[in-house]
Amino acid sequence: MPEPRFLKAETLVPFPEVEAEICRFWKERGIFEKSLELRKDGKPFVFYEGPPTANGLPHNGHVLTRVIKDLFPRYRTMRGYHVPRKAGWDTHGLPVEVEVEKELGIHGKAAIEEYGVEAFVKRCIESVFRYTNEWERLTEKIGFWVNLEDAYVTYHKSYIESVWWALSELFKAGLLYRGHKVIWWWPQGGTALSSAEVGLNYKTVDDPSVYVAFPFTDTPDSALLIWTTTPWTLPSNMYAAVGAEVDYVEVQASTGKLVLAAALREQIAQKTGEALPVLREFKGKELLGRTYRPPFDIYWDRYGASTVELAAGGTTPLFWKVLPADFVELDAGTGIVHIASAFGEVDHDLHRALVQTYKDPLSVPLLCAVAPDGSFNEDFPKYRGVWVKDADRDLIHDLRERGVLDDNGYLMPAPVAAPASYP
């Protein structure tokens, strides 16, 4: 009697071979096409792929996003929907321009204009489909079912016209309005950036920090004490924010009275080298609505006496007043936040919420002394054309010349002094 024969079990699955076999099966049998045919009478579920740009090679991040996106059309198909999955190619945006700029050895909007916009656009069109084959292989390899044979292209006339059509329909429905939004901005290129694009070249840098006094208009011997790491935004100051339920104190400094958060008094006293004895204590809500003089008065003559009508009736000062905010923190600074609503998302959100209480919200201007190229504009003549970060030192020097800062860059405010006037 022959002895039993035992076969050794395979302990490893040859995943690459299995993957290739499944892909061959899908392709030879037209499984994707059959899945569409089976659901052709079902309720449509529209799926247009958020298109990649094919002037760069796909990487692991693209694999993750495509696999996640594929879950939705597959699920809808299983639920009985007809899901014709239209692929697309993105031919717009900063990645395309940057790639071509590298090839040409140029940088920025001015250099593109000098090279020639039309010639540059042609180079971009040549660039956007450079790695199409690699993208198609990846799409097939990961089983992302989309119709690559009928992909839309964002520079095609039909696509651009469809976008304008959609905007016109939104306008007709009253859903399109003019407003402001704080976004990442590339001054040299004159275009908006995505957070991913900002992250490509993100750097940690040292910024100067200063304490500045905002003297009250009704009691100029007393001032709000604010702290900022962006001196270049001070000319565009619009409001000051406090925590309504935070404890604040008025203290005596060598040159006047200062208002700051009680929890930060000792810390600030150490930095300024003054005792800062407490004159009185109160909640932040007592400060709400009080007005002050901004550190630079480039907008003061225009708006200093301006008021605006409230939707509920009555009027309120337009700018340079104290507002409540839930983002005021007590781990650093003074507990009073300088608000420049043209810069910073939370700053702008505070402004936007405020103007919604006005009778005519869209009539309220946004104070911005910075041009799209990142330099100061004509609103700030003394610094017109100066790159904002290059101006930090000079702005601090201006404050120091007026006795607002000591030699160490800490605030030794002179609240009784009027803000500087720049012709």
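In what follows, every heavy atom counts, from backbone to side chain, and hydrogens, waters and symmetry copies are set aside.
Ion pairing of E286 with R280 is present here, as a side-chain N (NZ or NE/NH1/NH2) and a carboxylate O approach within less than 4.0 Å. A salt bridge between K172 and E169 is present, with a side-chain N of the basic residue lying under 4.0 Å from a carboxylate O of the acidic one. Between K382 and D394, none of the side-chain N atoms (NZ, or NE/NH1/NH2) sits under 4.0 Å from a carboxylate O, so this pair counts as no salt bridge.
Two residues are said to be in side-chain contact when any heavy atoms from C-beta on lie closer than 4.5 Å; H351 and H180 fail this criterion. With a 4.5 Å cut-off on side-chain heavy atoms, L258 and E250 do not count as touching. Looking at heavy atoms from C-beta onward, R85 lies out of side-chain contact with F144 at the 4.5 angstrom threshold. In this structure, the side chains of V364 and F319 come closer than 4.5 Å at one or more pairs of heavy atoms.
Other residues, nucleotides and ligands contribute over 12 non-hydrogen atoms within 6.0 Å of the CD atom of E19. At most 12 heavy atoms of other shown residues, nucleotides or ligands fall within 6.0 angstrom of atom NZ in K109.
D379 contributes no side-chain N or O that, together with a main-chain N or O of P235, makes up a donor-acceptor pair within less than 3.5 Å.
The two atoms that bring L234 and V212 nearest to each other are CD1-CG2, 3.9 Å, heavy atoms only. The two residues P215 and P220 make their nearest non-hydrogen contact at CB-O, 4.2 Å.
The side-chain hydrogen bond (donor to acceptor under 3.5 Å, both in side chains) analysis of residues 30-51, with sequence neighbours excluded, yields the pairs E37-K40, E49-R66.
Residues passing the salt bridge (Lys or Arg N to Asp or Glu O under 4.0 Å) test with E378, sequence neighbours excluded: none.
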